[in-house]
There are 2 protein chains.
Amino acid sequence: MAHRIAKRDELIVALGEIFRERGFDGASLSVITERTGLGKGSLYHLFPGGKAEMAQVVLEEVSAWFEKHVFVPLRESADPAAGIAHMFNAVIRFFRSGRRVCLVGTFALNDTRDRFGAEIRTYFSAWTEALAAALARDGFDVEAAHATAEDVVAGIQGALVLARSQQDPAVFTRAIKRLHQRTRVMQRD
Amino acid sequence: MAHRIAKRDELIVALGEIFRERGFDGASLSVITERTGLGKGSLYHLFPGGKAEMAQVVLEEVSAWFEKHVFVPLRESADPAAGIAHMFNAVIRFFRSGRRVCLVGTFALNDTRDRFGAEIRTYFSAWTEALAAALARDGFDVEAAHATAEDVVAGIQGALVLARSQQDPAVFTRAIKRLHQRTRVMQRD
DNA sequence: GTCTATAAAGCGATAGAC
DNA sequence: GTCTATCGCTTTATAGAC
């Protein structure tokens with residue numbers, strides 16, 4: 001087992017890793033107990049709603065991170081291209097250059113989605129819309145901006161799948177580079 | 001429960017749907033029993049290796065389908081552009097225009113990958129390489145062909161994630177249209 | 001707050017009747 | 001082939017001591 005986790009922030013990060021690695025169903029309380037060093041008693045004290053509440057809190061934490069490090073820069077950066085560059089850097093950091101998968105993506109694919117439908121839907125729509133707005137501000141016409149934003153967000157998710165299938169993070173970093181390039185030079189006027 | 005399933009082919013299809021909808025961990029034998037109308041006795045008679053063998057057989061069936069309807073046309077079509085068009089049509093059909101997710105993609109994202117590593121890796125690498133070869137035959141230079149092939153395969157996977165997160169299959173069909181377009185007009189010279 | 005003990009249900013898998 | 005009954009284990013969750 002890992003060292004005993006003291007701070008709540010640290011605990012939520014650890015829970016996120018477990019859910020990412022095993023999915024909601026595969027993340028059993030015994031695994032969570034072992035990896036966090038906290039007994040069931042402690043876990044249910046901190047999360048009376050059990051596993052569902054743990055996942056909910058992790059999802060909210062992930063959403064808050066993206067809001068702060070991705071969506072706000074996209075929306076508010078004076079230079080939209082700089083906001084977009086900021087997004088790609090944040091994404092590379094967050095997904096550990098392709099060694100980490102997207103928790104929201106994993107949850108979205110199977111029936112776990114039905115438990116957390118609102119959070120999952122909002123995460124992706126907020127991302128797509130913030131990016132589309134930045135692209136539009138950067139000179140894309142509205143239609144092309146929305147299409148490119150969808151392609152980029154989907155491209156990131158797909159690159160995570162591909163990289164993990166090949167156990168090769170470079171697949172992800174290559175894809176990010178190309179997606180970034182597409183936001184710079186494509187489909188103008 | 002569904003009607004009792006008679007033919008093995010039909011059974012494998014049903015198993016595929018269950019694994020797609022619930023993931024490997026979420027596809028419990030009780031769910032499988034209920035959805036197929038077959039008791040555990042029958043299931044273990046047909047698949048002595050249990051759930052792992054069921055998933056293995058489904059993965060092989062999916063791989064065989066893609067080999068026949070996607071990879072071979074990509075590799076052997078006299079007109080590479082026709083082979084690529086064939087691929088996109090097959091993909092739309094297979095994923096039910098975005099209402100079905102990719103079984104291999106779901107398995108790839110969490111630790112289920114470790115059980116079926118070889119099949120998962122091969123599925124995506126065979127797809128990417130067959131598409132890259134077709135693009136090269138169609139006039140892309142080798143580097144651009146490989147990059148575009150990765151973008152297309154990742155784009156399809158990501159579009160499935162996005163479509164499901166929004167519960168909107170149109171997200172998928174839109175993405176497919178754009179990806180197809182990119183194989184026609186991009187990065188030539 | 002954190003632990004141990006325990007409950008009740010569900011899990012994958014097997015045995016054996018038919 | 002398909003069923004029912006059952007095994008041993010794990011699951012989520014709770015109770016109660018400290």
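Model, not experiment: these values are computed from the prediction. A note on names: the letters A, B, ... follow the listed sequences, proteins ahead of strands, and every chain is numbered from 1. Atom set for the values below is all heavy atoms of this structure, side chains included, hydrogens, waters and symmetry mates excluded.
One interatomic measurement links the two molecules: OH of A/Y44 to P of C/dT2, which rounds to 16 Å at whole-angstrom precision. Regarding B/R22, its CZ atom lies at a distance of 16 Å from the C1' atom of C/dG12, rounded to whole Å. Here the C1' atom of nucleotide C/dG12 and the CD atom of B/E34 are 17 Å apart, to the nearest Å. Atom NZ in B/K7 sits about 17 Å away from atom C1' in D/dG1, given to the nearest Å. Summarising the geometry, the separation between CD1 on B/I32 and P on D/dC3 is reported as 15 Å, rounded to the nearest angstrom. Atom pair B/L43:CG and C/dA13:P shows a separation of 11 Å (rounding to whole Å applied). A/H45 has its NE2 atom 16 Å from the P atom of D/dA15, to the nearest Å. In this structure, CD1 of B/I18 is placed 13 Å from P of C/dC11, rounded to the nearest angstrom.
Looking at A/I120, A/L109, A/V104 one by one, the single match for side-chain contact (heavy atoms from CB on, under 4.5 Å) with B/V161 turns out to be A/L109.
More than 12 heavy atoms of other residues, nucleotides or ligands lie within 6.0 Å of CD in B/E10, so this atom counts as buried by the packing criterion. Dense packing is recorded around CD of A/E17, with more than 12 heavy atoms of other residues, nucleotides or ligands lying under 6.0 Å away.
For the atom pair NZ of A/K51 and CG of A/L15, the computed distance is 11.5 Å after rounding to the nearest 0.5 Å.
Between the side chain of B/H69 and the backbone N or O of B/W65 there is at least one donor-acceptor pair closer than 3.5 Å.
If you check every strand for non-hydrogen atoms under 4.0 Å, B/G50 touches sugar and phosphate atoms only. Nucleic acid contact class of A/G39 (heavy atoms, under 4.0 Å, all strands): sugar-phosphate only.
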If you look only at distance, which donor and acceptor atoms sit under 3.5 Å apart when one is on a side chain in residues 124-137 of chain B and the other is two or more places apart or in another chain?
residue	atom	partner	partner atom	Å
B/S125	OG	B/R121	O	3.1
B/S125	OG	B/T122	O	3.3
B/T128	OG1	B/F124	O	2.8
B/R137	NH1	B/S77	O	3.0
B/R137	NH2	B/L74	O	3.1
B/R137	NH2	B/R75	O	3.4
B/R137	NH2	B/S77	O	3.0

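Among the nucleotides D/dT2, C/dT14, D/dA13, the one closest to the side chain of B/L38 is D/dT2. Picking from D/dT6, D/dC3, C/dT2 the nucleotide with the shortest atom distance to the side chain of B/K40 gives D/dT6. Checking C/dT2, D/dT12, D/dT2 against every side-chain atom of B/L46, the shortest atom distance belongs to D/dT2.
A heavy atom closer than 4.0 Å to some atom of DNA chain D occurs in A/A27, A/S28, A/L29, A/S30, these being the qualifying members of residues 24-31 of chain A.
Using cut-offs of 30° and 60° on the angle between ring planes, the pair B/F66 and B/F95 is tilted.
In this structure, B/K51 and B/G41 both approach DNA chain C, and ranking their closest nucleotides by distance from the 5' end singles out B/K51.
Axis angle, first five pairs versus last five pairs of the helix from C/dG1-D/dC18 to C/dC18-D/dG1: 0°, rounded to 10°.
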**Request:** Could you walk me through whether A/R113 and A/F107 pass side-chain contact (heavy atoms from CB on, under 4.5 Å), step by step?
**Result:** CA-CA 5 Å; A/R113 183 202 57 183; A/F107 280 12; over 6 Å; no
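Comment: A/E21 engages A/R35 in a salt bridge, judged by a side-chain N to carboxylate O separation of less than 4.0 angstrom.
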